[in-house]
Amino acid sequence: MRLGLALGYWGRGPDTGHVPLAREAERLGYDSVWTAESWGSDAFTPLTWIAAHTSTIKLGTAVAQMAARSPAATAMHALTLDHLSGGRVLLGLGLSGPQVVEGWYGRPFPKSPLTATREYVDVVRRVLRRDGPVAVDGRFHPLPYRGPDGTGLGKPLKPITHPLRPGLPVLLGAEGPKNVAQTTRIADGWLPLYWAPSRPEVYGDAVRELPEGFLVAAMARVKVCDDVAEGLLPVKAMLGFYIGGMGHAARNFHADLMARMGYEREARRVQELFLAGRREEAVLAVPDAFADEISLVGPRERIAERLEAWRAGPVTDLLALSPDPHTLRVLAELNS
């Protein structure tokens with residue numbers, strides 16, 4: 001199992017520790033470093049900065065939001081950074097949810113998410129292959145555009161720039177069983193959310209028989225500490241925000257996933273508290289047991305024991321969400 005460093009997205013401003021962390025991870029033998037985006041910092045620009053200060057570590061987006069860019073624009077970002085970094089990009093994509101897609105990006109959330117995702121990946125792959133002008137008769141991502149409000153003058157094009165790697169890896173963030181099953185068919189890897197080694201069944205049967213060479217890059221908070229409950233507080237804060245605020249009360253994919261993992265009553269309570277403005281109570285309402293099973297937190301010996309369960313499953317890459325150089329070093333030692 002390879003190790004990756006997950007940096008997430010910025011809060012109020014850039015974190016000056018990200019480049020030193022990425023360089024330390026590279027020195028320790030970590031295989032990859034990952035950035036994210038929501039409705040603030042983008043995923044690609046910080047990776048470009050990190051690329052300029054590193055030489056071997058792979059550069060992943062976990063995830064770049066599909067609604068933020070057309071698939072052709074996303075492919076342009078990926079092929080540009082792949083050239084600048086010497087072929088180190090791992091392109092992780094995610095659909096997000098209706099609240100963000102419609103509220104921030106000003107686009108309709110697709111009524112057929114599986115079809116929209118499949119078309120998006122198809123366009124990205126065609127651009128990166130550069131084996132001809134890209135023409136796709138798609139429902140969500142047609143190229144050229146043929147809508148009634150267009151000029152009708154669009155023509156199929158192929159990228160001026162020759163991609164460095166036509167087979168640049170594409171990974172998808174997927175939560176529902178049907179989405180995960182499609183991901184195993186159309187992508188090179190999967191970025192699961194809330195991975196618990198003891199509960200692979202919540203993602204469906206596709207997890208049991210993955211294609212050869214398929215990447216499963218699971219993110220987890222990692223923290224070496226004596227007090228497990230205290231170490232889990234950042235995990236609970238993240239869960240409180242995602243489950244309570246990252247979606248509508250009636251349609252929140254994160255809350256639905258928590259419910260499928262056996263915490264339905266608790267998930268709805270977290271939503272209720274968060275949406276009522278009682279955010280601190282919402283965080284405290286996240287069960288320690290749930291936060292713990294998707295994390296690696298506690299003394300070195302406890303993490304070493306729990307790491308075995310991660311190694312025994314389908315995870316090929318553990319993406320450590322840890323801003324702590326000491327924790328990164330301990331994890332590298334335990335995984336060696």
- Task: Consider only side-chain N and O atoms of Arg268 and Gln271, and report whether a donor and an acceptor are under 3.5 Å apart.
- Result: yes

- Message: More than 12 heavy atoms of other residues, nucleotides or ligands under 6.0 Å from CZ of Arg107: yes or no?
- Response: no

- Message: How long is the straight-line distance from CG of Leu164 back to CG of Leu81, given to the nearest 0.5 Å?
- Response: 11.0 Å

- Just how far is it from atom CD of Glu102 to atom CZ of Phe109, taken to the nearest 0.5 Å? 8.5 Å

- Enclosure of Trp104 CH2 (heavy-atom neighbours >12, cutoff 6.0 Å): no

- Query: Can you tell me how far the CG atom of Leu319 sits from the OH atom of Tyr30, to the nearest 0.5 Å?
  - Reply: 10.5 Å

- Message: When you measure from the side chain of Asp82 to the backbone of Val89, do you find a donor-acceptor pair of N or O atoms at a distance under 3.5 Å?
- Response: yes

- Residues Arg126, Asp122: salt bridge by 4.0 Å N-O rule: yes

- Does the side chain of Arg23 come under 3.5 Å of the side chain of His53 through a donor N or O and an acceptor N or O? no

- Task: Of all the heavy-atom pairs spanning Asn335 and Arg311, show the shortest one and how long it is.
- Result: CA-NH2, 3.1 Å

- Hey, are Ser112 and Arg139 close enough side-chain-wise for a donor-acceptor pair under 3.5 Å? yes

- Donor-acceptor contact present, side-chain Arg125 to main-chain Ile186, <3.5 Å: yes

- How about Glu333: does its CD atom have over 12 heavy atoms from other parts shown lying under 6.0 Å from it? yes

- Message: Tell me whether Leu128 shares a hydrophobic cluster with Leu47, the cluster being built from Ile, Leu, Val, Met, Phe, Trp, Tyr side chains joined at under 4.5 Å.
- Response: yes

- Message: Return the OG1 to CG distance between Thr35 and Asp42, rounded to the nearest 0.5 Å.
- Response: 7.5 Å

- Query: Going by heavy atoms in the side chains, are Tyr203 and Leu257 under 4.5 Å from each other?
  - Reply: yes

- Side-chain (Thr316) to main-chain (Val216) donor-acceptor, under 3.5 angstrom: yes

- Message: One pair to check against side-chain contact (heavy atoms from CB on, under 4.5 Å): Met258 and Phe290. What are the steps and the verdict?
- Response: CA-CA 8 Å; Met258 181 178 172; Phe290 178 52; 3.6 Å; yes

- Message: Measuring only between side-chain heavy atoms, which start at C-beta, is Met261 closer than 4.5 Å to Ile294?
- Response: yes

- Query: Charged N to carboxylate O under 4.0 angstrom, Glu272 versus Arg269?
  - Reply: yes

- Indicate the atoms forming the closest heavy-atom contact of Gly132 with Lys158, along with that distance. O-CB, 3.5 Å

- same_hphob_cluster(Ile50, Trp34) at 4.5 Å side-chain heavy-atom cutoff: no

- Task: Check the hydrophobic clustering (I, L, V, M, F, W, Y; side-chain heavy atoms under 4.5 Å; chains of links allowed) and say if Val222 and Leu193 are grouped together.
- Result: yes

- Query: If you look at every heavy atom in Ser41 and Glu37, which pair is closest and at what distance?
  - Reply: O-CB, 3.3 Å

- Query: Looking only at heavy atoms, what is the nearest atom pair of Ala320 and Leu331, with distance?
  - Reply: CB-CD2, 3.7 Å

- Query: For atom CG of Asp131, is the number of surrounding heavy atoms from other residues, nucleotides or ligands below 6.0 Å larger than 12?
  - Reply: yes

- Message: Between Leu28 and Arg329, is there a side-chain heavy-atom distance shorter than 4.5 Å?
- Response: yes

- Task: Side-chain contact test, heavy atoms from C-beta onward, threshold under 4.5 Å: evaluate it for Glu24 versus Pro20 and give yes or no.
- Result: no

- Task: Output, in order, the C-alpha distance, side-chain angles, deciding distance and verdict of side-chain contact (heavy atoms from CB on, under 4.5 Å) for His254 and Tyr194.
- Result: CA-CA 9 Å; His254 308 297; Tyr194 309 155; 3.7 Å; yes

- Closest heavy-atom pair and its distance - Asp288, Ala229: OD2-CB, 4.3 Å

- Might you work through the side-chain contact (heavy atoms from CB on, under 4.5 Å) test for His18 and Trp10, ending with a clear yes or no? CA-CA 10 Å; His18 279 182; Trp10 298 349; 4.0 Å; yes

- Query: Got a donor-acceptor contact below 3.5 angstrom from the Arg130 side chain to the Pro159 backbone?
  - Reply: yes

- Under 4.5 Å between side-chain heavy atoms, hopping through other hydrophobics if needed: is there a path connecting Leu143 to Val121? yes

- Any Val136 side-chain heavy atom under 4.5 Å of His141 side chain: no

- So if you build clusters from Ile, Leu, Val, Met, Phe, Trp, Tyr with side-chain heavy-atom gaps below 4.5 Å, do Leu273 and Leu233 land together? no

- Message: For a 4.5 angstrom cut-off between non-hydrogen side-chain atoms, does Ile303 reach Thr327?
- Response: no

- Mark yes when over 12 heavy atoms from residues, nucleotides or ligands other than Glu209 sit less than 6.0 Å from its CD; otherwise mark no. no

- Message: If you count every heavy atom of other residues, nucleotides or ligands that lies below 6.0 Å from Glu201 atom CD, does the total exceed 12?
- Response: yes

- Query: Can you pull the side-chain hydrogen bond (donor to acceptor under 3.5 Å, both in side chains) pairs that have at least one residue in residues 54-65, sequence neighbours excluded?
  - Reply: Glu26-Thr56, Asp31-Lys58, Thr54-Arg88, Gln65-Tyr105

- Task: Check Gly152 against Arg146 and note the closest heavy-atom contact, atom names and distance.
- Result: O-NH1, 3.8 Å

- Taking the side chain as C-beta and beyond, is there a heavy-atom pair between Phe44 and Thr80 under 4.5 Å? no

- Item | Flag, side chain of Ser295 to backbone of Val297, donor-acceptor distance under 3.5 Å | no

- Message: If we ignore hydrogens and angles and just use 3.5 Å, is the side chain of Arg279 paired with the main-chain N or O of Ala237 as donor and acceptor?
- Response: no

- Please work out whether the ring planes of Phe241 and Trp39 are parallel, tilted or perpendicular, with thresholds of 30° and 60°. tilted

- Item | side-chain contact (heavy atoms from CB on, under 4.5 Å) assessment of Phe214 paired with Thr183 | CA-CA 10 Å; Phe214 190 78; Thr183 297; 4.0 Å; yes

- Note on the structure: To the nearest 0.5 Å, atom CE of Met76 lies from atom CG of Leu79 at 7.5 Å

- The salt bridge (charged side-chain N to carboxylate O under 4.0 Å, His left out) partners of Glu281 (sequence neighbours excluded) come to Arg278

- Side chain proximity check, Arg69 to Tyr120, heavy atoms < 4.5 angstrom: yes

- Spacing of Leu215 atom CG and Leu172 atom CG [to the nearest 0.5 Å]: 11.5 Å

